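Reading through the C-alpha cells given below for one structure.
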Amino acid sequence: MGRLDGRVAVVTGGASGIGLASVRRLAAEGARVVVGDVDVDGGGAAAAEVDGLFVRTDVTEEAEVVALFQTAVDRFGGLDVAFNNAGISPPEDDSILETGPDAWHRVQQVNLTSVYLCCKHAIGHMRARGRGSVINTASFVAVMGAATSQISYTASKGGVLAMSRELGVQFAREGIRVNALCPGPVNTPLLQELFAKDPERAARRLVHIPLGRFAEPEEIAAAVAFLASDDSSFITASSFMVDGGISGAYVTPL
C-alpha cells in the first residue's frame with residue numbers, strides 16, 4: 001500500500017524540475033495526480049506518464065485556478081493534496097538597484113499571488129472533505145540574506161513563508177495542514193541554465209552548502225511526498241527546510 005493510496009493531488013508547475021519529480025513521486029505513492037502548467041507539451045507528457053490529468057493553467061489567473069481544482073474534484077471525487085509549486089526567477093530580477101517595477105510585479109504575481117489563489121481555492125475543497133495537506137514552495141532564501149540578490153524572488157518567498165504559517169494555524173483544527181517547503185539550490189534545467197551563463201555565481205553558492213552539492217529534484221519530491229502523507233500528520237505551519245544544511249551553516253567543511 002502506498003502512503004497516498006486513494007488520495008487526489010494537484011501539482012502546479014508540474015511540467016519540469018521539482019514539479020515533475022513530485023508528480024512522479026506522488027503517483028508512485030498511490031495518488032491520482034492532476035498537473036497544472038502553462039507548458040502544454042511538458043504538462044501533458046507528465047500527466048500521461050503517471051496516468052493522471054493535465055489542465056492548462058496560468059496560476060496568476062483566478063478563473064483558471066478555480067477550474068484547475070474543480071476539475072480535479074469533478075474527475076477524481078475530491079482534493080487531498082495541493083502542491084503549489086509554480087514559480088519563476090527571471091534575469092530581470094536582480095539587485096534592488098537594478099530591478100524595475102515591471103519585473104518586481106511579474107515575479108510577485110507568479111510566485112506569491114498564485115500561491116494565494118491556489119490556497120484559497122484548494123482549501124475550500126479540503127474543508128468539504130475534512131482533511132488536506134497544502135504544500136507551498138518557498139525557498140531557503142526566505143530565511144537568509146544574499147549579496148547576489150534576486151530581490152523580488154526573495155521577497156515573494158518570504159511572503160509564501162508567512163502566508164503558509166498563518167494558514168497552517170488557521171485551518172489546523174479542520175484537519176487541513178499547510179506547510180512551506182524551503183528547498184536549497186536544486187539541480188534543475190532553470191538552475192543549470194543560470195549557472196552555465198555565470199559559473200562564478202554557481203561557485204559562490206556551492207561553497208556555502210555543507211553537503212557540497214546542489215539537491216536533485218527527486219530529493220525535494222521525497223519531502224513533498226512526506227508532507228503530503230499522514231507520516232507528517234503533526235506538522236503544520238512549518239518552514240520545512242530541505243537545503244543541504246545551508247541555513248544551519250556558519251563555516252562549511254573543506
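Quantities reported herein were computed from a predicted structural model and do not represent experimental measurements. Positions are given from 1 along the sequence.
- Nearest heavy atoms, Val10 versus Ala72: CG2-CB, 3.7 Å.
- A donor atom on one side chain and an acceptor atom on the other are found under 3.5 Å apart for His121 and Glu62.
- When every heavy atom of Asn84 is checked against every heavy atom of Cys118, the shortest pair comes out as OD1-CB, 3.2 Å.
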Counting only pairs under 3.5 Å, give me each side-chain donor-acceptor contact of residues 158-166, with atom names and distances, residues two or more places apart or in other chains.
from	atom 1	to	atom 2	distance (Å)
Ser164	OG	Asn136	ND2	2.9
Ser164	OG	Val160	O	2.7

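- Taken to the nearest 0.5 Å, the CG atom of Asp94 stands 7.5 Å off from the CD atom of Gln150.
- Within the 4.5 Å cutoff, no side-chain heavy atoms of Thr71 are placed close to those of Val34.
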Residues Arg205, Glu200; criterion salt bridge (Lys or Arg N to Asp or Glu O under 4.0 Å); working and verdict: CA-CA 9 Å; Arg205 285 160 170 78; Glu200 182 187 10; over 6 Å; no

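- Residue pairs that meet the side-chain hydrogen bond (donor to acceptor under 3.5 Å, both in side chains) test with at least one member in residues 96-106, sequence neighbours left out, do not exist here.
- Here CG of Leu117 is found 9.5 Å from CZ of Phe69. Values are rounded to the nearest 0.5 Å.
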Indicate every side-chain donor-acceptor pair of residues 246-254 with a distance under 3.5 Å to a residue at least two apart or in another chain.
from	atom 1	to	atom 2	distance (Å)
Ser247	OG	Asp243	OD2	2.6
Thr252	OG1	Val207	O	2.8

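- The shortest distance between side-chain heavy atoms of Arg32 and Asp51 falls below 4.5 Å.
- Legend: residues meeting ring-ring contact (aromatic ring centres under 6.0 Å, His included) with Phe226, ordered by chain and number and at least two apart, are Phe240.
- Residue pairs meeting the side-chain hydrogen bond (donor to acceptor under 3.5 Å, both in side chains) criterion with at least one partner in residues 7-16, sequence neighbours excluded, are Arg7-Asp230.
- Cluster partners of Val169 are absent, since no Ile, Leu, Val, Met, Phe, Trp or Tyr has side-chain heavy atoms less than 4.5 Å from it.
- Ile220 and Ala215 get closest at one heavy-atom pair: CD1-CB, 4.1 Å.
- Through ILVMFWY side-chain contacts below 4.5 Å, Phe234 is grouped with nothing and stands alone.
- Atom CG in Leu53 sits 5.5 Å away from atom CZ in Phe76 (nearest 0.5 Å).
- Distance check, rounded to the nearest 0.5 Å: CG of Asn111 to OG1 of Thr154 gives 10.0 Å.
- For residues 75-91, the set of pairs meeting the salt bridge (Lys or Arg N to Asp or Glu O under 4.0 Å) definition, not counting sequence neighbours, comprises Asp80-Arg129, Asp80-Arg131.
- When the side chains of ILVMFWY residues are joined at heavy-atom separations under 4.5 Å, either directly or via intervening members, Met241 and Leu206 end up in a single hydrophobic cluster.
- Listed by chain and residue number, nothing satisfies the ring-ring contact (aromatic ring centres under 6.0 Å, His included) test with Phe140 (two or more places apart in sequence, or in another chain).
- How far CG of Leu26 is from CD1 of Ile135: 7.0 Å, rounded to the nearest 0.5 Å.
- Partners of Glu64 by salt bridge (Lys or Arg N to Asp or Glu O under 4.0 Å), not counting sequence neighbours, listed by chain and number: Arg56.
- Linking ILVMFWY side-chain heavy atoms closer than 4.5 Å, directly or via other members, places Ile18 and Phe214 in two distinct hydrophobic clusters.
- At a threshold of 4.5 Å between side-chain heavy atoms, the hydrophobic network of Ile, Leu, Val, Met, Phe, Trp and Tyr places Val242 and Leu211 in two separate groups.
- Side-chain heavy atoms closer than 4.5 Å link hydrophobic residues (I, L, V, M, F, W, Y) into clusters, and following such links, even through other members, never connects Val55 to Val66.
- Under a hydrophobic clustering in which Ile, Leu, Val, Met, Phe, Trp and Tyr are joined whenever their side-chain heavy atoms come within less than 4.5 Å, directly or via other members, Leu112 and Ile151 fall into different clusters.
- Proximity of Pro90 to Tyr153: side-chain heavy atoms (C-beta onward) are nowhere separated by under 4.5 Å.
- Screening residues 18-27 for side-chain hydrogen bond (donor to acceptor under 3.5 Å, both in side chains), with sequence neighbours left out, gives Arg24-Glu49, Arg25-Glu29.
- Between the side chains of Gln109 and Ser114, not a single donor N or O lies within less than 3.5 Å of an accepting N or O.
- Of all heavy-atom pairs between Leu4 and Ala228, the closest is CD2-O, 3.7 Å.
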Let me have the donor-acceptor pairs involving side chains of residues 172-187, under 3.5 Å, with sequence neighbours excluded, atom names and distances please.
from	atom 1	to	atom 2	distance (Å)
Glu174	OE1	Arg127	NE	2.8
Glu174	OE2	Arg127	NH2	3.4
Arg177	NH1	Leu227	O	3.4
Arg177	NH1	Ser232	O	2.9
Arg177	NH1	Ser232	OG	3.0
Arg177	NH1	Ile235	O	3.1
Arg177	NH2	Leu227	O	3.0
Arg177	NH2	Ser229	O	3.1
Arg177	NH2	Ser232	OG	3.2
Asn179	OD1	Ala237	N	3.3
Asn179	OD1	Ser238	N	3.0
Asn179	OD1	Ser238	OG	2.8
Asn179	ND2	Ile235	O	3.0
Asn187	OD1	Gln192	NE2	2.8
Asn187	ND2	Glu216	OE2	3.2

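- Here the CG atom belonging to Leu68 is positioned 13.5 Å from the CD atom belonging to Glu61, to the nearest 0.5 angstrom.
- Contact detail for Phe54 and Ala47: the closest heavy-atom pair is N-CB, 3.6 Å.
- Between Val107 and Glu92 there is no side-chain heavy-atom pair separated by less than 4.5 Å.
- Listed here is the closest heavy atom pair of Ala86 and Gly13: CB-N, 3.9 Å.
- Residues Val38 and Thr57 are not in side-chain contact: their nearest non-hydrogen atoms beyond the backbone lie 4.5 Å or more apart.
- Counting only heavy atoms from C-beta outward, the side chains of Phe83 and Thr137 approach each other to under 4.5 Å.
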